[in-house]
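The block underneath contains the structure these notes are about, expressed in structure tokens.
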Protein chains: 2
Amino acid sequence: MKIPITVATDSAEPLYYQIEVQLRALILSGQLPEGTLLPSIREFAQDVACSVITIRRVYQDLENEGILRTKQGTGTFVASVGAGVRESYRTDAVLAAMKEAVATGLRVKCTEDELRGLFEQALKEVSGEA
Amino acid sequence: MKIPITVATDSAEPLYYQIEVQLRALILSGQLPEGTLLPSIREFAQDVACSVITIRRVYQDLENEGILRTKQGTGTFVASVGAGVRESYRTDAVLAAMKEAVATGLRVKCTEDELRGLFEQALKEVSGEA
DNA sequence: CCTACTGTGTATATCTATATGTACAGTATA
DNA sequence: TATACTGTACATATAGATATACACAGTAGG
């Protein structure tokens, strides 16, 4: 099982964090179905060209979040979470980021309509990149 | 000149960062007009109960951003920037945060309408807090 | 039951961010 | 020009984040 992850070694973002963000997204978007056996930490570490311990940290963090399940000697799997729970996991991060953006706007006295305009602009520009 | 800043010493946010965010917002929203003389670093440090050097860092960071102007022996002032430049300063941070939120959403395969819904929810919840 | 694979725990190196004290230098004005 | 205020430079302490090696422990299958 090869996981499509891309890391930028020159990025300011820490390695473990880049991996977490991408792996989390793969799981929450359903691209890695529940029960999927992930690569062993050693195999994954080979792929990313990093230490085993960095991968271990990723797996452990995501397990603490409840989206992975790990068993010593056997491997690490995508956890089974109810559809409702998964859906809220999926949107929680997005909603939090939205709130942050809105709060930033309110601090500099943006009106609601102004915020809507900025949101639409962001939507257009980010979609365009893809 | 007393600056209305509130810091949470127990917050995970670094002290200098809390001060920067609030001071920047006060300037960009026009609550501190161009030319305003800010408190001396020692006076301000007294207020916040922190080191002079922490305030110095804040002033220096905001000077590098171009919204403060500082002169040794005299003091630190709100810089004069053109209205257009100020307006973009004002919305740049908000737009960047919006893009971040949208990108987070796209990673977990949110549709555009779903993102709009989350934005409106964020707007409602954050406005409600105030 | 042994071998070859899983994950785990401990100890540690390294670097960066945060925050500070103190002595120095420029400026204004009484 | 002396004094009392501005900001500045330098050296440094501390804590936390990031990443690592290596020896240990559980599991499954030939």
Side-chain angles (χ1 to χ4, degrees), chain A residues 1-3 5-24 27 32 35-79, chain B residues 1-3 5-24 27 32 35-79:
Chain A
M1 185 55 181
K2 173 77 171 62
I3 305 291
I5 294 270
T6 317
V7 299
T9 43
D10 59 320
S11 163
E13 299 283 278
L15 191 49
Y16 84 93
Y17 186 76
Q18 295 183 45
I19 302 172
E20 277 187 15
V21 168
Q22 294 180 58
L23 185 53
R24 191 184 295 113
I27 294 167
L32 290 176
T36 303
L37 173 62
L38 295 181
S40 80
I41 57 175
R42 289 171 181 84
E43 192 182 340
F44 206 157
Q46 278 278 330
D47 257 27
V48 185
C50 72
S51 162
V52 164
I53 304 182
T54 299
I55 302 298
R56 156 89 163 117
R57 172 174 184 173
V58 170
Y59 280 2
Q60 194 163 259
D61 285 352
L62 297 186
E63 184 174 20
N64 289 339
E65 291 179 19
I67 64 177
L68 286 186
R69 173 174 48 85
T70 193
K71 193 173 169 204
Q72 184 173 354
T74 306
T76 300
F77 305 83
V78 176
Chain B
M1 185 56 181
K2 172 78 171 63
I3 306 291
I5 294 270
T6 319
V7 299
T9 43
D10 58 320
S11 164
E13 297 283 278
L15 190 50
Y16 84 93
Y17 185 78
Q18 296 183 45
I19 301 171
E20 277 188 15
V21 168
Q22 295 180 59
L23 184 54
R24 190 185 295 112
I27 294 168
L32 290 176
T36 304
L37 173 62
L38 296 181
S40 80
I41 57 176
R42 289 171 181 82
E43 192 182 338
F44 205 158
Q46 278 278 330
D47 256 27
V48 185
C50 72
S51 162
V52 163
I53 304 182
T54 299
I55 302 298
R56 156 87 163 117
R57 171 174 185 173
V58 170
Y59 281 2
Q60 194 162 259
D61 286 352
L62 296 186
E63 184 175 19
N64 289 339
E65 291 180 19
I67 65 178
L68 286 186
R69 174 174 47 85
T70 193
K71 195 173 168 205
Q72 185 173 356
T74 306
T76 300
F77 305 83
V78 176

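Since the structure is predicted, the reported quantities are computational estimates derived from the model, not experimental observations. First the proteins, then the strands, lettered A, B, ... as listed; each starts at 1.
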Check: residues 51-58 of chain B side-chain donor-acceptor pairs under 3.5 Å, at least two apart:
from: B:Ser51; atom 1: OG; to: B:Ile53; atom 2: N; distance (Å): 3.0
from: B:Arg56; atom 1: NH1; to: B:Gln60; atom 2: OE1; distance (Å): 2.6
from: B:Arg56; atom 1: NH2; to: B:Gln60; atom 2: OE1; distance (Å): 2.8
from: B:Arg57; atom 1: NH2; to: B:Tyr16; atom 2: OH; distance (Å): 3.4

### Query
Going by heavy atoms closer than 4.0 Å, what residues in residues 48-65 of chain A are next to DNA chain D?
A:Cys50, A:Ser51, A:Ile53, A:Thr54, A:Arg57
List, with names and distances, any nitrogen or oxygen atoms from the protein found under 3.5 Å away from nitrogen or oxygen atoms belonging to nucleotides 12-15 of chain C.
none

### Query
With sequence neighbours excluded, what pairs up with B:Glu63 under the salt bridge (charged side-chain N to carboxylate O under 4.0 Å, His left out) test?
none
### Query
Atom CZ of A:Phe44 and atom C1' of C:dT6: how far apart are they, to the nearest Å?
16 Å
#### Entry: salt bridge (charged side-chain N to carboxylate O under 4.0 Å, His left out): pairs with one or both residues in residues 35-52 of chain B, sequence neighbours excluded
B:Lys2-B:Asp47
## Note on the structure
Between B:Thr76 and B:Leu37, the two heavy atoms sitting closest are O-CD1, 3.5 Å
### Results of side-chain contact (heavy atoms from CB on, under 4.5 Å) for B:Ala12 - residues two or more places apart only
none
### Query
Within this structure, what is the CG-to-P distance between B:Leu68 and D:dT6, rounded to whole angstrom?
16 Å
### With sequence neighbours excluded, residues passing side chain to side chain donor-acceptor pair (under 3.5 Å) with B:Gln72
none
### Message
At a heavy-atom distance below 4.0 Å, what parts of residues 8-24 of chain A sit against DNA chain D?
### Response
A:Pro14, A:Leu15, A:Tyr16
### Task
Let me have a per-nucleotide readout for nucleotides 23-30 of chain D, 5' to 3', with B, S or -, counting only protein heavy atoms under 4.0 Å.
--BBSS--
#### Entry: Validation row: A:Leu38, A:Tyr59 side chains within 4.5 angstrom (heavy atoms)
yes
## Note on the structure
A:Gln46 meets the side-chain contact (heavy atoms from CB on, under 4.5 Å) criterion, sequence neighbours left out, with none
### Task
Ignoring backbone atoms, establish whether B:Thr76 has a side-chain N or O less than 4.0 Å from OP1 or OP2 of D:dT6.
no
### Task
Give the rounded distance in Å between these two atoms: CD of B:Gln46 and C1' of D:dT6.
16 Å
## Note on the structure
In short, the helix from C:dC1-D:dG30 to C:dA30-D:dT1 is bent end to end, axes from five pairs each side, to 10°, by 0°
### Message
Expressed as a whole number of angstroms, how long is the span from A:Leu38:CG to C:dC5:C1'?
### Response
16 Å
### Flag side-chain contact, heavy atom, 4.5 Å: B:Thr36 against B:Ile27
no
### Message
Which residues pass the side chain to side chain donor-acceptor pair (under 3.5 Å) test with A:Glu20, not counting sequence neighbours?
### Response
A:Arg24
### Message
Please give me the minimum heavy-atom distance between A:Leu32 and A:Val78, naming the atom from each residue.
### Response
O-CG1, 3.8 Å
